[in-house]
There are 2 protein chains.
Amino acid sequence: MATVNSYTRGMPTPDRTSLDEIVRAARELLEDSGLASLTMSAVAQRVGVRAPSLYKRVRDRDALIQLVAEATLSELAERLDQGTTVADLADEFRAFGHERPAAFALVMTPGAGTPVAGDQFRVAATTGILRVAGELAGQDHALQAARTFTAWAAGFVSMELNGAFGLGGSVDDAWNFGVTAIAAAITR
Amino acid sequence: MATVNSYTRGMPTPDRTSLDEIVRAARELLEDSGLASLTMSAVAQRVGVRAPSLYKRVRDRDALIQLVAEATLSELAERLDQGTTVADLADEFRAFGHERPAAFALVMTPGAGTPVAGDQFRVAATTGILRVAGELAGQDHALQAARTFTAWAAGFVSMELNGAFGLGGSVDDAWNFGVTAIAAAITR
DNA sequence: ACCTGAACACCGTTCAAGT
DNA sequence: ACCTGAACACCGTTCAAGT
């Protein structure tokens with residue numbers, strides 16, 4: 001009995017959760033019901049503790065949201081690192097937005113006051129794009145070309161996820177039109 | 001006395017505020033301190049009543065935010081209607097984002113759960129772009145061209161406002177590079 | 001050392017009571 | 001008819017007290 005209930009000897013209670021589990025729960029909650037529903041209570045309930053216990057592992061709610069943003073960017077970076085053409089990158093980028101719309105919005109268009117990922121995570125998510133942009137536009141214009149591509153892709157998918165394409169017409173056609181246009185525009 | 005304090009005869013109290021004034025206060029608050037600070041209490045204080053009184057004029061906080069979004073889009077539409085070239089539209093669009101960053105973010109990249117403007121307001125903000133896009137790309141590709149332009153411009157300014165261009169290099173140069181690239185790309 | 005209930009300062013919103 | 005204080009159900013966060 002004493003070996004199980006170790007607190008009977010005044011020893012520390014065994015951990016009932018972990019930072020990893022908390023971030024995972026937060027990411028699920030974000031995708032399932034949006035940033036507003038990502039409350040400390042909801043996260044705590046999901047991992048099986050009370051809200052105040054979370055403060056042993058994260059500084060506050062903003063810090064938790066930042067961890068979610070950084071985990072999201074790491075995943076995106078990994079996926080974009082595979083791409084070798086503009087079309088590859090574009091499709092991978094868009095697919096990610098469709099799979100994780102809330103996380104995508106969190107990292108690409110955080111509202112004012114929403115915490116953002118550290119610089120290194122944002123840089124990491126752009127290296128794949130920068131590589132391909134450099135090949136097409138030349139090293140002198142790599143950064144500008146990468147920014148043109150990223151702005152277009154992020155803008156397009158954000159608008160799409162926000163239902164901003166309400167005028168009819170095929171969104172897929174507009175996407176392919178854009179991919180072709182951007183690729184041509186940034187190719188030296 | 002009775003003519004001044006009309007309530008002494010059981011008559012309605014004179015209005016102490018108006019919907020217009022409330023929306024104006026909300027827009028100021030949004031721009032001054034962000035969406036999170038746009039609370040019913042703060043708006044009420046700004047117009048000189050108590051929070052519960054606001055519910056006589058707006059259904060709830062979301063409805064008020066939607067009114068702010070719609071007022072913002074009306075103003076943007078008016079400004080874009082003047083433009084005759086891609087560069088005109090692009091610069092006007094970007095200038096608007098710089099002048100009203102919080103309102104710009106609210107309408108271009110509302111977070112999940114954030115109320116959005118009615119369709120007619122979003123359509124109105126695209127007519128100027130659609131007109132110029134049609135002239136350049138031909139009517140058959142007007143919609144796709146407009147979407148390519150809008151996605152790029154919205155994405156670029158959003159990234160800029162979010163400080164996503166941290167890699168160095170001139171942001172203005174990247175903007176001009178993009179304007180030229182997009183204009184060429186959508187010109188038939 | 002981790003976890004908890006209680007407490008505090010905030011929210012948005014409702015509603016009976018004032019004028 | 002409009003406005004208000006009081007109340008309710010929520011938040012995030014702190015902290016003393018438990019184990």
Side-chain angles (χ1 to χ4, degrees), chain A residues 1-23 25-26 29-30 32-68 111-115, chain B residues 1-23 25-26 29-30 32-69 106 111-115:
Chain A
M1 200 54 138
T3 60
V4 172
N5 298 326
S6 51
Y7 62 80
T8 56
R9 296 272 309 280
M11 293 185 59
T13 58
D15 292 8
R16 234 163 281 185
T17 183
S18 68
L19 181 57
D20 256 24
E21 194 187 15
I22 289 168
V23 173
L29 223 32
L30 171 66
D32 287 353
S33 26
L35 189 59
S37 298
L38 170 34
T39 67
M40 297 302 270
S41 289
V43 172
Q45 188 172 13
R46 207 142 177 141
V47 303
V49 299
R50 302 291 182 168
S53 300
L54 299 179
Y55 292 83
K56 281 284 159 185
R57 325 225 182 240
V58 296
R59 188 169 35 78
D60 54 19
R61 180 172 179 265
D62 276 1
L64 176 54
I65 292 172
Q66 181 172 341
L67 289 173
V68 169
T114 306
Chain B
M1 202 51 139
T3 59
V4 173
N5 296 327
S6 52
Y7 61 81
T8 58
R9 296 273 307 280
M11 292 184 60
T13 59
D15 292 8
R16 234 164 282 186
T17 184
S18 67
L19 181 57
D20 257 23
E21 196 187 13
I22 288 168
V23 173
L29 224 32
L30 171 65
D32 287 353
S33 26
L35 188 58
S37 298
L38 170 34
T39 67
M40 297 302 270
S41 290
V43 172
Q45 187 172 14
R46 205 142 180 142
V47 302
V49 299
R50 302 290 182 167
S53 300
L54 299 179
Y55 292 83
K56 282 282 159 185
R57 326 224 182 240
V58 295
R59 187 168 36 77
D60 55 18
R61 181 173 178 265
D62 277 0
L64 175 55
I65 291 171
Q66 182 173 341
L67 289 172
V68 170
L106 176 66
T114 306

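Below, all heavy atoms of this structure are taken into account, side chains as well, without hydrogens, waters or symmetry copies.
- Atoms CG and CG, on A/Leu54 and A/Asp60 in that order, are 11.5 Å from each other to the nearest 0.5 Å.
- Among residues two or more places apart in sequence or in another chain, the side-chain contact (heavy atoms from CB on, under 4.5 Å) test is passed with B/Gln66 by B/Glu70, B/Pro115.
- Atom-to-atom distance recorded for A/Ile65:CD1 and A/Thr114:OG1 is 7.0 Å, nearest 0.5 angstrom.
- Note that CG of B/Leu29 is 9.5 Å distant from CD of B/Gln45, once rounded to the nearest 0.5 Å.
- Shortest non-hydrogen contact noted between B/Arg57 and B/Arg16 is NH2-N, 4.3 Å.
- Contact annotation: B/Arg57 side-chain N/O to D/dA1 OP1/OP2 distance is not under 4.0 Å.
- Among the nucleotides D/dT4, C/dC3, D/dC2, the one closest to the side chain of B/Val49 is D/dT4.
- Regarding A/Lys56, its NZ atom lies at a distance of 9 Å from the P atom of C/dC3, rounded to whole Å.
- For the pair B/Arg50 CZ and D/dA7 C1', the interatomic distance rounds to 16 Å; values are reported in whole Å.
- Atom CD1 of B/Ile65 and atom P of C/dC11 are 14 Å apart (whole Å).
- Residue B/Ser53 places at least one side-chain N or O closer than 4.0 Å to OP1 or OP2 of D/dT4.
- For the side-chain contact (heavy atoms from CB on, under 4.5 Å) test, residues two or more places apart in sequence or in another chain that qualify with A/Ala26 are A/Leu38, A/Val43, A/Leu64, A/Val68.
- Among the atoms of the strands shown, only primed sugar atoms or phosphate atoms (P, OP1, OP2) are found under 4.0 Å from some heavy atom of A/Thr17.
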What N/O pairs connect the protein and nucleotides 12-16 of chain C at under 3.5 Å? Give each pair on its own line.
| residue | atom | partner | partner atom | Å |
| --- | --- | --- | --- | --- |
| C/dG12 | OP1 | B/Met40 | N | 3.1 |
| C/dG12 | OP1 | B/Arg61 | NE | 3.4 |
| C/dG12 | OP2 | B/Met40 | N | 3.1 |
| C/dT13 | OP2 | B/Tyr55 | OH | 2.8 |
| C/dT13 | OP2 | B/Arg61 | N | 2.9 |
| C/dT13 | O5' | B/Tyr55 | OH | 3.3 |

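- Rounded to an integer number of Å, the gap from CG of B/Leu19 to C1' of D/dC2 is 15 Å.
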### Task
Kindly express the pairing pattern of DNA chain C in dot-bracket notation, using | wherever a base pairs with another strand and counting only Watson-Crick or G-U pairs under 3.5 Å.
||.|||||...|||||.||
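- Residues B/Arg46 and B/Asp32 are in side-chain contact: their nearest non-hydrogen atoms beyond the backbone lie under 4.5 Å apart.
- Scored by the side-chain contact (heavy atoms from CB on, under 4.5 Å) test, A/Ser37 finds A/Ser33 as partners (sequence neighbours excluded).
- Annotation: side-chain contact (heavy atoms from CB on, under 4.5 Å) contacts of A/Thr39 (sequence neighbours excluded): A/Ser41, A/Ala42.
- With rounding to whole Å, A/Leu54 atom CG is found 9 Å from C/dC3 atom P.
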